[in-house]
Asker: 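Following this message is one structure expressed as structure tokens.
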Amino acid sequence: MESNMFDDVKAVIFDIDGTLMDSISRIVECIRISCSEVGADVPSNEDSKSVIGLSLGEAIASILPGRNEEEVRKAVEVYKDTYLRLEAENPTTLFGDAYDVISELKKRGYKIGIATGKSRRGYDRVMSYVSIAPFIDVSSTGDEVRSKPDQQMLNRLSDELRIPPKGCLMVGDSSLDICMGVNAHTRTAGVLTGVHDRNTLMNAGADAVVNTLSDLLDLLPGTGNSVGMR
């Protein structure tokens with residue numbers, strides 16, 4: 001890896017589930033319950049993980065091939081109801097280093113974005129109780145644009161920030177995140193805290209793969225030189 005690969009990065013854009021939040025097991029549980037409730041075969045944990053990052057409707061449709069629209073719609077509603085109930089009982093939390101990493105990146109002058117398969121309503125709910133909301137400059141959600149790995153989400157964020165794609169770093173735990181970044185011509189970094197392993201992320205085109213969010217700080221310059229400004 002070239003030592004200056006990330007020197008031109010001005011904005012760091014994060015996925016949420018499995019990247020900033022320890023939420024993969026909760027999502028898998030809800031996917032499996034929703035399939036059971038509509039009488040479909042319950043997918044394995046690995047199959048359930050494979051659709052995380054897609055918008056909810058696409059994820060459920062993908063995990064229920066051959067099912068009609070009404071069954072998919074019912075499964076989506078079961079998922080939403082189950083997720084909200086379980087979150088009310090025991091909310092998922094940020095990974096332990098997420099706040100410190102994002103805070104430090106802001107201090108270094110980077111713009112911070114969110115690119116998530118969550119709906120806008122789901123994103124707003126999460127941001128209402130986690131501590132990183134004040135640091136977020138831009139966000140895009142799965143119900144506003146085409147689903148990952150389409151590049152539309154990152155294109156929108158790049159435009160809003162007025163930073164070209166090559167000045168953005170997409171950080172995610174899934175091949176969907178990495179492929180989205182590749183499609184949008186951003187830099188990409190995989191993190192091993194969620195869905196996919198190192199080989200899968202590298203094969204998807206990641207410029208780097210780190211063990212934890214904290215390791216991102218070693219990839220990025222210590223100080224921004226008018227970083228995030230144009």
Side-chain angles (χ1 to χ4, degrees), residues 1 3-27 49 52-53 87 90-118 122-141 148 153-154 157-158 160-161 163 167-178 180-181 186-198 201-202 206-229:
M1 184 175 67
S3 61
N4 63 347
M5 178 175 287
F6 299 100
D7 285 355
D8 293 333
V9 170
K10 296 176 171 62
V12 185
I13 299 171
F14 293 91
D15 169 58
I16 292 181
D17 294 311
T19 301
L20 293 177
M21 297 194 77
D22 189 13
S23 51
I24 298 301
S25 61
R26 172 63 46 80
I27 295 171
K49 286 181 182 180
I52 294 175
E87 284 290 289
N90 183 27
T92 51
T93 58
L94 293 173
F95 286 112
D97 55 355
Y99 178 91
D100 288 342
V101 169
I102 290 181
S103 175
E104 175 61 24
L105 289 173
K106 290 294 286 189
K107 288 178 183 177
R108 295 183 185 186
Y110 293 94
K111 296 292 186 181
I112 303 296
I114 297 291
T116 178
K118 289 183 179 298
Y123 170 82
D124 289 343
R125 182 188 58 76
V126 167
M127 287 298 147
S128 72
Y129 72 83
V130 297
S131 52
I132 61 172
F135 299 130
I136 307 303
D137 296 294
V138 292
S139 61
S140 186
T141 61
K148 301 175 184 181
M153 189 177 290
L154 288 180
L157 296 177
S158 172
E160 287 187 32
L161 289 167
I163 295 172
C168 299
L169 170 64
M170 178 64 210
V171 180
D173 65 294
S174 165
S175 61
L176 288 172
D177 301 314
I178 303 304
M180 177 175 65
T186 70
R187 288 299 187 185
T188 56
V191 60
L192 299 177
T193 52
V195 172
H196 285 138
D197 61 20
R198 184 179 300 274
L201 295 171
M202 291 300 294
D207 294 311
V209 176
V210 296
N211 291 321
T212 68
L213 287 173
S214 295
D215 295 330
L216 284 175
L217 300 178
D218 295 330
L219 298 179
L220 297 164
T223 57
N225 185 12
S226 296
V227 171
M229 306 296 290

Asker: Rounded to the nearest 0.5 Å, what separation is found between the CG atom of L20 and the CZ atom of F95?
Answerer: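 The CZ atom of F95 is 8.5 Å from CG of L20, to the nearest 0.5 Å.
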Asker: Partners of Y129 by ring pair (Phe, Tyr, Trp, His ring centres under 6.0 Å), sequence neighbours excluded?
Answerer: none
Asker: Does any non-hydrogen side-chain atom of S131 lie less than 4.5 Å from one of L94?
Answerer: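 Yes - at least one pair of side-chain heavy atoms lies under 4.5 Å apart.
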Asker: Quick check: does any side chain N or O of R187 sit under 3.5 Å from a backbone N or O of M5, one acting as donor and the other as acceptor?
Answerer: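 Pair found, side chain donor or acceptor close to backbone of M5.
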Asker: Could you tell me the separation between the CG atom of N211 and the CG atom of L192, rounded to the nearest 0.5 Å?
Answerer: 5.5 Å
Asker: Nearest heavy-atom pair of S139 and L157: which atoms, and what distance?
Answerer: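 That closest heavy-atom pairing would be C-CD2, 3.5 Å.
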Asker: With a 4.0 Å cut-off on N to O distance, would you call K148 and D15 a salt bridge?
Answerer: yes
Asker: Determine whether V9 and L220 make a side-chain contact, defined as any pair of heavy atoms from C-beta on separated by less than 4.5 Å.
Answerer: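 With C-beta onward as the side chain, the pair touches.
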Asker: Is there a donor-acceptor contact under 3.5 Å from the side chain of R26 to the main chain of N90?
Answerer: yes
Asker: So, for F14 and M170, which heavy atoms are closest and what is the spacing to 0.1 Å?
Answerer: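 Nearest heavy atoms, F14 then M170: C-CE, 4.1 Å.
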Asker: Would you say the side chain of V130 lies within less than 4.5 Å of the side chain of M21, judging by non-hydrogen atoms?
Answerer: yes
Asker: Check whether any side-chain heavy atom of V12 lies under 4.5 Å from a side-chain heavy atom of K111, and answer yes or no.
Answerer: no
Asker: What is the minimum heavy-atom distance between L216 and A189, and which atoms define it?
Answerer: CD2-CB, 4.0 Å
Asker: Can you see which heavy atom on T186 is nearest to which on D207, and at what distance?
Answerer: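 Nearest heavy atoms, T186 then D207: O-OD2, 4.3 Å.
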Asker: Rounded to the nearest 0.5 Å, what's the gap from CG on L213 to CG on D100? Could you check?
Answerer: 10.5 Å
Asker: Within the 4.5 Å heavy-atom criterion, are V171 and I13 side-chain neighbours or not?
Answerer: no
Asker: Check step by step if side chain to side chain contact (heavy atoms under 4.5 Å, CB included) holds for M127 and I132.
Answerer: CA-CA 7 Å; M127 287 298 147; I132 61 172; 4.0 Å; yes
Asker: Quick check: do Y110 and I102 have side-chain heavy atoms less than 4.5 Å from each other?
Answerer: no
Asker: Quick one: CG on D177 to CD1 on I16, what's the gap to the nearest 0.5 Å?
Answerer: 11.0 Å
Asker: So, S128 side chain and R125 main chain: donor-acceptor pair closer than 3.5 Å or not?
Answerer: yes
Asker: Can you confirm whether M180 sits close enough to T188 that some side-chain heavy atom of one is under 4.5 Å from a side-chain heavy atom of the other?
Answerer: no
Asker: Taking L217's backbone N and O only, do any of them form a donor-acceptor pair with E104's side chain (distance below 3.5 Å, no angle check)?
Answerer: no
Asker: Could you pull out all residues at least two apart from D173 that satisfy salt bridge (Lys or Arg N to Asp or Glu O under 4.0 Å)?
Answerer: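 Expected list: none.
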Asker: Looking at D97 and S214, what are the two nearest heavy atoms and their distance?
Answerer: OD2-OG, 2.8 Å
Asker: Look at the side chain of S140 and the backbone N and O of A115, then say whether any donor-acceptor pair between them is shorter than 3.5 Å.
Answerer: no
Asker: Do C168 and L154 come within less than 4.5 Å of each other through their side chains, counting heavy atoms only?
Answerer: no
Asker: Does K106 pair with D137 as a salt bridge, N-O distance under 4.0 Å?
Answerer: yes
Asker: Got a donor-acceptor contact below 3.5 angstrom from the S174 side chain to the V195 backbone?
Answerer: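 Pair absent, no side-chain N/O of S174 close to backbone of V195.
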Asker: For the residue pair L219 and F6, what are the closest heavy atoms and their distance?
Answerer: O-CB, 3.6 Å
